[in-house]
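Chain letters run A, B, ... following the sequence lines, proteins first and then strands; every chain starts at 1. Values below: every heavy atom of this structure, side chains too, minus hydrogens, waters and symmetry copies.
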Amino acid sequence: MSIVVRGVNRSFGDFAALRDIDLAVKPGGLTALLGPSGGGKSTLLRIIAGLDQPDSGRIEIAGRDATDLPPQKRSVGFVFQHYAAFKHLTTARNVAFGLEIRRRPKAEVRERVDELLRLVHLEQFADRLPSQLSGGQRQRMALARALAVQPEVLLLDEPFGALDAQVRKELREWLRRLHDEVHVTTLFVTHDQEEALEVADEIVVINGGRIEQVGPPSELYDRPANEFVMSFLGPVTRLGGVLVRPHDIEVLPDDRAGSHQVELTRLHRVGHEVRAEARAADGSTPWVQLTRAQVDDLGIREGQTVWLRALGTTVPVAASSGGPASEAIETGDATASEPDAAPAPAGRTA
Amino acid sequence: MTDTLTRQTTTAPAAPPRRRRRTTRTAWVLRLIALAYILALVALPVASVVQHTFADGLGPVLDVLRSPDFLAALRLTLEVAGIAVLLNTIFGVGMALLLTRYRFPGRRLMSAVIDLPVSISPVVVGVALILVYGTYGWFGPALERAGFQIIFAVPGMVLATVLVSLPLVLREVVPTLEEAGLEQEQAAQSLGANAWQRFRRITLPTIRWALAYGVALSLARSLGEFGAVRVVSGSVAGTSQTLTLYVNDSYQEFGPDAQRQAFAAAFVLMAIAVSLIVVIAALRPDQEKS
């Protein structure tokens with residue numbers, strides 16, 4: 001294992017940022033630490049890098065106990081949300097920094113810097129200062145700088161958090177492709193579930209200082225361990241006391257097993273999809289995500305009474321919907337009547 | 001993808017012609033008052049020093065500048081100011097790092113105490129030094145027995161100068177350090193840099209303009225210090241007389257020669273001050289740019 005975290009606790013005053021964290025990060029993988037702000041994911045990343053110290057617990061990097069090593073001896077590359085570019089050095093000198101510290105021969109440094117600048121598509125900006133680069137360029141420079149010293153692991157703290165949506169999307173794809181080329185064990189922090197689902201091989205969901213679930217994206221999406229993971233990874237709606245994805249609900253014209261009677265209150269068209277809002281007898285207001293074709297086929301309209309039935313993954317709603325739910329999870333069709341809608345069986349990764 | 005990511009705005013849009021605000025009569029009056037004020041307070045005195053200095057031509061001035069007393073005063077001034085600035089620079093950078101990078105009890109008190117010496121009168125600073133290090137002071141007798149004389153000697157003058165310019169470097173460096181934050185240093189650390197390498201390669205270049213500005217300010221203050229140095233120096237011509245003391249003592253004497261000495265030395269002090277102001281003005285915009 002490239003990174004192993006054992007029983008790590010960290011508190012800031014009364015606030016417990018991390019509680020009994022145990023984690024083993026897949027070597028060579030691209031792993032996302034996903035969770036809401038203040039959930040402890042950045043703290044965990046900084047503790048792995050040595051920029052913060054755990055109150056208790058151990059950190060192993062590449063099979064070595066690194067808990068008491070200073071950051072400069074841990075062989076980690078760290079990329080900050082706000083780039084942390086060395087403002088007084090050119091792009092090339094920024095990338096060369098770690099190699100110069102290691103007193104590598106000049107020719108070797110130049111060769112390696114050229115290679116890395118090509119890798120991050122910055123070769124024509126070698127002599128620019130960071131202030132002359134855009135945010136996306138600065139972040140790619142920071143990545144090249146971290147990779148220059150060939151670290152055992154690469155840690156990225158919300159690497160695209162400070163960029164605008166378009167650039168963020170491009171860099172996301174680019175990071176995926178870069179990782180396929182470089183294969184360094186990478187752990188990145190994000191609060192954007194779309195980013196995690198799209199880029200990562202494996203996702204670690206962290207909330208309230210605890211790990212909620214670890215697994216490949218499809219597994220987390222299809223078989224969330226609890227209410228929190230379910231609602232954090234994608235849209236959810238409540239239907240008859242369970243959480244279900246709005247696209248996993250079928251609309252029926254009559255009462256069948258496991259269905260709930262509702263009145264359609266609104267059909268709201270958003271681009272190619274239709275959001276059907278409804279009201280149930282118990283006062284809950286589930287909504288269903290449909291396509292226009294489905295709406296035409298069903299011939300539904302506002303004010304009509306229909307029956308809704310949950311397909312696919314459902315998670316029971318905890319009685320107190322505050323803390324993370326720890327109930328047993330029902331995977332599979334809630335009504336067990338639609339085999340084609342059943343989710344992937346345990347262990348399968350889509 | 002590269003193209004969309006790497007495109008730079010190479011041509012800045014032409015700046016729109018700035019509309020000049022019409023100058024009202026009030027503005028003219030205000031300008032006139034400001035001008036008169038500066039003229040009366042700064043320009044006239046400076047001009048009169050220059051005029052008095054060169055009233056009899058260049059020759060007598062050069063004679064003064066070659067006299068042993070003047071040269072001794074100049075040498076002593078440079079020595080005292082040089083040591084004081086060096087000490088203040090080391091202290092200022094170290095203390096700035098301590099104050100911005102660490103949280104410890106008494107931090108704010110310490111920060112306030114550092115400002116104290118420049119807030120109280122230099123004469124009081126001088127007297128306080130005598131009370132501590134003088135012959136009848138707390139440490140004076142012990143130091144004298146050990147062979148160190150502080151008061152009425154160069155160490156006392158350096159101490160006085162250090163005190164009156166204590167926080168100047170510190171106060172320039174602290175905001176720059178705070179603005180730069182810790183991330184660049186942490187990035188350097190994760191790239192393998194040890195404490196000294198981080199300071200040399202990251203911290204120092206980050207604060208260089210603020211540091212230069214602080215040094216220039218300290219130097220100006222140190223060269224011009226009079227009150228505190230006067231109290232602790234004894235002001236013996238040729239041995240413990242700095243340029244400011246030389247100006248004062250010469251001016252107190254009677255006779256055209258003494259007056260000329262005073263003006264010539266005053267002119268030298270002023271010339272140094274003006275060149276420092278030029279250096280400071282040249283540094284200031286650089287600092288704001290970065």
Under 4.5 Å to a heavy atom of chain A? For B:Arg198 that would be side chain

Ranked by heavy-atom pairs below 4.5 Å to chain B, first place among A:Arg74, A:Lys73, A:Arg102 goes to A:Arg102

Sub-4.5 Å side-chain heavy-atom contact between B:Glu79 and B:Met157
no

So, the part of A:Ala148 with a heavy atom under 4.5 Å from chain B: the answer is neither

Okay, B:Gln184 and chain A: the region with an atom under 4.5 Å from a heavy atom over there is both

Exercise for review: Please determine if A:Arg176 and A:Glu198 form a salt bridge, counting it only when a charged side-chain N lies under 4.0 Å from a carboxylate O.
Suggested key: no

The interface call for B:Ala188 against chain A, heavy-atom contacts under 4.5 Å, is both

Do A:Thr67 and A:Asp65 pair up side chain to side chain, a donor and an acceptor below 3.5 Å, judged on atom types alone? yes

Chain B shares the most heavy-atom pairs under 4.5 Å, among A:Ser75, A:Ala85, A:Pro151, with A:Ala85

The interface call for A:Glu100 against chain B, heavy-atom contacts under 4.5 Å, is both

Correct closest heavy-atom pair for A:Gln81 and A:Gln139 would be O-NE2, 3.5 Å

Determine, for A:Phe86 and A:Arg145, whether the Lys NZ or Arg CZ falls below 6.0 Å from the six-membered ring centre while staying within 45 degrees of the axis. yes

CD of A:Glu60 to CD1 of A:Ile3, rounded to nearest 0.5 Å, is 11.5 Å

